[in-house]
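Labels below follow one simple rule: chain letters A, B, ... track the order of the sequence lines, proteins then strands, and each chain is numbered from 1.
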Amino acid sequence: MRIRKRTVALTLYLVLLLLPVYWMLNMSLRFNADILGTFRLFPSEFTLANYVKIFTDPAWYSGYVNSIIYVSMNTAISLLVALPAAYAFSRYRFIGDKHMFFWLLTNRMAPPAVFLLPFFQLYSTFGLIDTHIAVAISHCLFNVPLAVWILEGFMSGVPREIDETAYIDGYSFPRFFLTVFIPLIRAGVGATAFFCFMFSWVELLLARTLTTTEAKPIAATMTRTVSATGLDWGLLAAAGILTIVPGALVIWFVRNYMAKGFALGRV
Amino acid sequence: MDKTHDNKAWFLVIPVFVIVAFSAIIPLMTVVNYSLQDIFGPNERYFVGTEWFREVLNDSRLHGALYRQLLFSGLVLLIEVPLGVAIALAMPPRGWTASLCLVLLAIPLLIPWNVIGTIWIIFTRPDIGLLGRTINGLGIPFDHTAAPLDAWVTVMLMEVWHWTPLVALLAYAGLRAIPEAYYQAARIDGASAWAVFKYIQLPKMRGVLTIAILLRFMDSFLIYAEPFVLTGGGPGNSTTFLSIYLVKQAVGQFDLGPAAAFSIIYFLIVLLFSWVFYQVLQRVGTGDK
Amino acid sequence: MEAFEWMAWTGPSATFFAVIFAILVGMTVWDLRSPSVPRRGFLPLETTRGDRLFIGLLGSAYVNLLWIGVTTLSPWYSLAMAVVLLALVMRYG
């Protein structure tokens with residue numbers, strides 16, 4: 001009986017969780033006049049006009065492409081640099097290790113607003129403004145520490161005997177790391193990639209500051225369009241729904257890694 | 001579990017250090033430089049010493065924003081952490097239902113922050129929003145653009161909706177890491193559900209809850225985009241949190257000096273709280289004091 | 001260094017960062033020569049030298065802020081107090 005009550009509560013929570021998203025989906029499938037005119041729980045005059053507009057207007061769809069490019073770059077870079085570092089933190093003690101670890105964390109603590117101007121200046125100095133790599137590198141500021149943190153948890157869950165046996169068997173460090181160790185924490189890498197993707201995808205302030213046209217993220221296109229055309233609720237809702245799609249695809253692909261990854265982590 | 005002492009491990013950490021330091025240290029130094037000067041333009045700046053710090057520390061609107069921020073972050077932790085843990089406990093341990101729950105829980109996390117604001121505008125508007133319409137339909141006047149309390153409730157709802165899943169996901173990860181043998185032992189001892197939670201599940205979740213609490217504290221303390229889109233800090237100043245106030249100052253009035261001084265103080269506050277949390281959470285349950 | 005003109009350096013802030021940097025280098029060398037052993041002092045937790053340095057510096061920052069916020073006296077006094085605090089934490093913390 002208790003189990004059933006639990007399931008009911010959980011289901012109720014998940015329904016409530018999806019309600020605001022459903023509402024936006026509802027809006028995105030209706031005409032503006034219809035949205036403002038009548039209040040309906042389901043779209044009656046079903047239309048895809050809002051979506052068609054987004055997919056045919058380069059100003060809109062290039063935003064999605066840009067976001068996907070820099071987010072993928074960021075995820076790749078974060079994993080690449082974080083994997084060896086997390087290994088170092090999980091296996092060795094070295095001078096200043098704990099302080100280094102905490103310092104990495106502090107990079108999530110700086111209020112971004114005032115750092116925007118120096119960021120812009122810094123990336124200008126290196127001629128990186130309006131490139132995808134600029135956004136990808138700037139997002140490393142908060143994603144790399146997180147990746148190190150999560151991966152370190154997973155790596156500490158792998159017994160040290162595995163390392164020692166491999167070294168005795170004559171594996172070099174790179175070979176051991178790539179062919180033995182990383183496959184062991186595959187699930188952890190999947191979970192980490194998910195978090196990197198997520199935090200880079202949702203960030204807007206830095207992405208908007210470092211880009212003008214060529215690498216402009218979708219979320220920035222949205223804010224600008226809102227102010228330019230007044231309130232086109234249907235279009236806004238459709239654009240919003242489309243920002244959820246890439247993320248939803250990513251979780252769909254990593255869902256098993258997430259479940260398993262979460263199960264393996266020592267954390 | 002004794003780690004080997006080897007300073008050569010630094011070579012593995014250097015790439016991380018370089019890539020983070022590039023984006024972290026140079027801008028931080030610049031902000032410190034700004035905070036000591038009155039800046040009119042690229043070549044027109046005057047050294048003012050600690051003047052901006054004095055001004056910012058005695059700014060009563062900033063105090064207001066700080067109290068609101070502390071209240072907000074406190075409420076966020078008080079609501080989201082227990083709720084997230086409860087959800088994790090209610091989730092099925094395995095199977096397709098578990099995958100489904102994970103996927104659904106992750107959805108709010110994957111929405112860009114300003115879109116979160118947009119969703120909640122659409123959802124809570126009294127004319128076209130499901131929630132706004134429903135509450136008004138029940139005869140309770142609700143308008144987050146006019147009543148400060150309604151604005152607070154809306155922002156809290158949005159925040160809890162947005163981030164509780166993160167706590168739930170992390171707590172779930174911690175729960176799944178507990179070997180089945182522990183539960184069997186507990187069953188043999190006839191332990192109650194509460195005892196299992198207190199002596200097995202909670203201690204085992206310490207690590208992930210540390211991550212969850214720290215992340216939620218830091219991010220809620222720095223919250224900007226969502227309430228800015230939803231309420232713009234209003235009505236009046238009722239939902240003007242520290243970041244919103246800071247941006248008004250830095251971008252709106254282009255007062256770089258005071259804004260930089262403000263940022264440094266802001267950073268020091270987050271640093272202190274996070275450090276204390278970190279120390280406390282590292283020690284709770286491990287026995288050493 | 002033309003390219004970094006925008007960093008808006010001032011003498012005091014340059015000195016500040018130079019001192020911090022020198023302290024970090026000094027602490028690293030010291031720790032390499034004789035590794036620090038965690039111990040208990042008047043602080044309610046076990047600390048190494050590095051931990052005490054961090055606590056001391058963070059404490060110093062707050063001492064200075066408090067002084068600047070509450071009094072209108074010269075910040076040199078609070079700087080002196082901060083140095084004393086740092087020394088106390090490092091030695092007895």
Side-chain angles (χ1 to χ4, degrees), chain A residues 6 9-10 13-14 17 20-21 23-24 27 35-36 39 81-82 84-85 87-88 91-95 100 104 106-111 113-115 118-119 122 137-138 140-141 144 148-149 153 198 201-202 204 219 223 236-237 240 243-244 247-248 251-252 255 258-259 262-263 265-267, chain B residues 3-7 9-10 12-13 15-16 19-20 23-24 26-27 30-31 87 90-91 98-99 102-104 106-115 118-120 122-123 128 130 133 161 172-174 176-177 207-208 211 218 222 225 243 246-247 250 259-260 263 266-267 270-271 274 278:
Chain A
R6 239 183 220 192
L10 184 67
Y13 172 78
L14 290 174
L17 193 73
V21 179
W23 197 247
M24 193 160 72
M27 292 284 150
I35 293 174
L36 294 171
F39 184 79
V81 298
Y87 183 79
R91 290 297 191 255
Y92 299 104
R93 294 186 49 215
F94 46 93
I95 188 161
M100 179 74 190
L104 283 174
T106 63
N107 289 305
R108 289 190 72 91
M109 300 175 197
V114 175
F115 286 79
F119 258 102
L122 175 64
I137 293 178
S138 71
C140 284
L141 182 63
V144 166
V148 172
W149 202 7
M198 172 193 129
W201 180 258
V202 298
L204 175 69
T223 32
L236 190 65
T243 61
I244 307 178
I251 4 176
W252 187 252
R255 70 185 190 284
M258 274 173 68
F262 281 155
R266 170 209 64 155
V267 276
Chain B
K3 296 176 183 175
T4 326
H5 195 97
D6 188 353
N7 285 332
W10 254 104
L12 298 173
V13 183
V16 160
I19 204 158
V20 175
S23 296
I26 295 176
T30 311
V31 169
I87 294 165
M91 274 167 69
S99 296
L102 288 176
V103 171
L104 291 181
I107 285 178
L109 301 175
L110 285 156
I111 304 172
W113 293 344
N114 60 332
V115 180
T118 312
I119 290 181
W120 279 81
I122 294 178
F123 192 57
I128 61 169
L130 181 60
R133 190 81 178 217
W161 175 82
Y172 185 72
R176 293 285 75 76
V208 274
I211 299 183
M218 292 192 270
L222 299 171
S243 269
L246 179 60
V247 174
S263 301
Y266 198 165
F267 176 67
V270 188
L271 187 62
S274 303
Y278 189 71

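For a residue to count as touching a neighbouring chain, one of its non-hydrogen atoms must lie under 4.5 Å from one of that chain's; by this rule A/Leu17 touches chain B with backbone and side chain alike. For A/Met27, the part lying near chain B is the side chain, with the backbone staying farther off; criterion is any non-hydrogen pair under 4.5 Å. Heavy atoms closer than 4.5 Å to chain B are found in both the backbone and the side chain of A/Tyr92. Only the side chain of B/Ile26 comes within less than 4.5 Å of a heavy atom in chain A; its backbone stays farther off. Proximity to chain B is limited to the side chain of A/Leu14, based on heavy atoms less than 4.5 angstrom apart.
Chain A forms more heavy-atom pairs under 4.5 Å with one residue of B/Pro15, B/Pro27, B/Ala259 than with any other, namely B/Pro27. For chain A, the option among B/Val31, B/Thr118, B/Val247, B/Thr30 with the highest count of heavy-atom pairs below 4.5 Å is B/Val31. Annotation: maximal heavy-atom pairing with chain B below 4.5 Å, among A/Val148, A/Ile244, A/Leu122, occurs at A/Leu122.
The nearest pair of heavy atoms linking A/Ala85 to B/Val13 is CB-CA, 4.1 Å. When every heavy atom of B/Ala90 is checked against every heavy atom of A/Leu10, the shortest pair comes out as O-CD2, 3.7 Å. Of all non-hydrogen atoms in A/Asn107 and B/Val20, the two that sit nearest each other are ND2-CG1, 3.2 Å. When every heavy atom of B/Trp10 is checked against every heavy atom of A/Met100, the shortest pair comes out as CH2-SD, 3.6 Å. Here the closest non-hydrogen pair linking A/Ala88 and B/Ala9 is CB-O, 3.7 Å. Considering every non-hydrogen atom in both A/Val81 and B/Val16, the closest pair reads O-CG2, 3.1 Å.
You'll find the side chain of A/Pro20 reaches within 4.5 Å of the side chain of B/Ile119, heavy atoms only.
Atom CH2 of B/Trp161 is separated from atom OH of A/Tyr13 by 9.5 Å, given to the nearest 0.5 angstrom. Note that CZ of A/Phe94 is 12.0 Å distant from OG1 of B/Thr4, once rounded to the nearest 0.5 Å. Put simply, CG on B/Leu12 and OH on A/Tyr87 are 8.5 Å apart, with the number rounded to the nearest 0.5 Å.
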List the steps and the verdict of side-chain contact (heavy atoms from CB on, under 4.5 Å) for B/Ser23 and A/Ile137. CA-CA 8 Å; B/Ser23 296; A/Ile137 293 178; 4.2 Å; yes

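The backbone N or O of A/Ile95 sits less than 3.5 Å from a side-chain atom of B/Asn7, completing a donor-acceptor pair.
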